[in-house]
Amino acid sequence: MMKNRIENERKFWDAFSGKYDKHTGKKSKSTYDRLFESFAEDTGETKRLLEIATGTGLISLKLSQQIPDITATDLSPEMIKIARAKAEKQAVRNVNFQVEDACNLGFPGNSYDTIIASNVLHLLFDPALALQEIKRVLTDGGILIAPTYCHGANPGSHVFSRLMGLSGFKARSRWSIGSFQKFIRNNEFEIIKCQRIKGVIPMAYLVARNKPGTHEKEPKSK
C-alpha cells in the first residue's frame, strides 16, 4: 500500500510539474506574496532550513538570500528537476534540492532548526506520520511553519474542495482552522501563532515550536 501511495502521488505531481509555476503565479499570487513576507519574518534567525514539498522551489529559492543552508525536498523527481534548473539559472548555491518522501525522511534526528511544510499536510495519506518525521529531524525547540488550506473551514469550502478533488487535487484531510490546530498540538507541538488567510478555501498560517524532549533522538534507518 505504501508503494502504491508513493507511485500515485509521484505520478500526479510529475504530470503537474510543468504547470506548477503558472498555476501558482496566476491563481495564488496574492496569497504567496503574503506568505513570502511571513516566511522571511519567521525565519529571521534560521541557520538550517528544511522545506517539505518544495514543488519547483519557489519558497526555498526566495529564502536563499537570507538563510545560509537550505535543503528542499519533494516526492516528485520532475518538480526537483525544474527546481534545480531554476537554482542553476539564478546562481543559487546554498539550496540542496533532493527527492524525499515526507513520511520517511532520509535525515538524522535533530538536523534542522526550522522546517517549512507549506500547503502539503492536508494532501497526504498519513499527515500524522509526516508530522512525526518532521518532529524527528527538527531540533528541540525548533520551529515548524505549516501554512495549510483548511478545506473543512465552512460548508462552502467543503463543497469547493470536493469539486477540486474531481480534477485530482484531493484534500485527504478537511480540517477546520480549529481542528488543524488540535492536530498540531496532539503531535507535541506548541503553537506560537495561527493566522487565518481569507480565500474560497481559507488558509491557516501556523507557526509552532517542537516541544523539547518529546521526539526520537536516533537517526532513522531507511
Side-chain angles (χ1 to χ4, degrees), residues 4-6 8-42 51-60 62 74-76 79 102-103 115-132 134 143-187 189-209:
N4 290 337
R5 169 188 69 80
I6 293 172
N8 289 337
E9 289 186 351
R10 182 170 286 159
K11 182 178 180 181
F12 175 80
W13 292 110
D14 276 350
F16 187 67
S17 61
K19 307 172 187 175
Y20 185 85
D21 285 354
K22 184 177 180 180
H23 179 273
T24 301
K26 284 191 174 183
K27 296 189 176 181
S28 306
K29 186 180 185 305
S30 61
T31 297
Y32 270 82
D33 285 345
R34 180 173 174 181
L35 284 179
F36 287 143
E37 291 180 5
S38 296
F39 289 143
E41 178 181 348
D42 292 323
E51 185 187 4
I52 305 293
T54 188
T56 61
L58 293 172
I59 294 170
S60 284
K62 190 82 170 179
D74 201 279
L75 186 65
S76 164
M79 289 283 197
C103 294
I115 294 178
I116 293 177
S118 181
N119 296 320
V120 62
L121 291 174
H122 65 291
L123 301 175
L124 300 177
F125 283 94
D126 194 344
L129 180 57
L131 201 54
Q132 286 306 305
I134 288 171
I143 298 301
L144 167 64
I145 305 174
T148 301
Y149 284 111
C150 292
H151 288 239
N154 55 61
S157 65
H158 192 92
V159 170
F160 191 74
S161 173
R162 294 286 184 183
L163 294 175
M164 286 179 64
L166 298 176
S167 64
F169 291 93
K170 294 181 180 179
R172 295 183 171 88
S173 295
R174 291 185 173 89
W175 290 300
S176 65
I177 303 290
S179 63
F180 178 57
Q181 292 182 77
K182 182 178 179 181
F183 167 71
I184 296 295
R185 289 193 186 100
N186 285 346
N187 284 275
F189 283 88
E190 175 190 1
I191 295 176
I192 299 172
K193 70 177 179 181
C194 185
Q195 300 171 338
R196 181 188 181 102
I197 299 177
K198 294 180 180 180
V200 178
I201 297 179
M203 179 190 295
Y205 180 83
L206 184 143
V207 181
R209 180 179 289 108

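Throughout, numbering of the chain's residues begins at 1 and tracks the sequence.
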Within the structure provided, determine whether [X] and [Y] are in side-chain contact (heavy-atom separation under 4.5 Å).
X: L35; Y: I197; value: yes
X: P202; Y: N154; value: yes
X: L144; Y: L131; value: yes
X: Y149; Y: F180; value: no
X: K182; Y: W175; value: no

Give, for atom [atom1] of [X] and atom [atom2] of [Y], the distance between the pair rounded to the nearest 0.5 Å.
X: K62; Y: E37; atom1: NZ; atom2: CD; answer: 9.5 Å
X: Q132; Y: L129; atom1: CD; atom2: CG; answer: 8.0 Å
X: L206; Y: C194; atom1: CG; atom2: SG; answer: 4.5 Å
X: D42; Y: I143; atom1: CG; atom2: CD1; answer: 8.5 Å
X: L123; Y: T148; atom1: CG; atom2: OG1; answer: 9.0 Å
X: S176; Y: F183; atom1: OG; atom2: CZ; answer: 13.0 Å

Which atom of [X] lies closest to which atom of [Y], heavy atoms considered:
X: R196; Y: R34; answer: O-NH2, 4.2 Å
X: S157; Y: C150; answer: OG-O, 4.0 Å
X: L121; Y: P127; answer: O-CB, 3.4 Å
X: S161; Y: H151; answer: OG-ND1, 2.7 Å
X: A128; Y: N187; answer: O-OD1, 4.1 Å

Review point. Which is it for R185 and I191 under the side-chain contact (heavy atoms from CB on, under 4.5 Å) test, yes or no, and what are the steps along the way?
Key: CA-CA 7 Å; R185 289 193 186 100; I191 295 176; 3.8 Å; yes
Check your understanding: Under 3.5 Å, side chain of S60 to main-chain N/O of G57, donor-acceptor pair present?
Key -> no
**Study point:** Under 3.5 Å: donor-acceptor pair, side chain of R10, backbone of L75
**Key:** yes
Check your understanding: What do you reckon, is NZ of K193 surrounded by more than 12 foreign heavy atoms closer than 6.0 Å?
Key -> yes
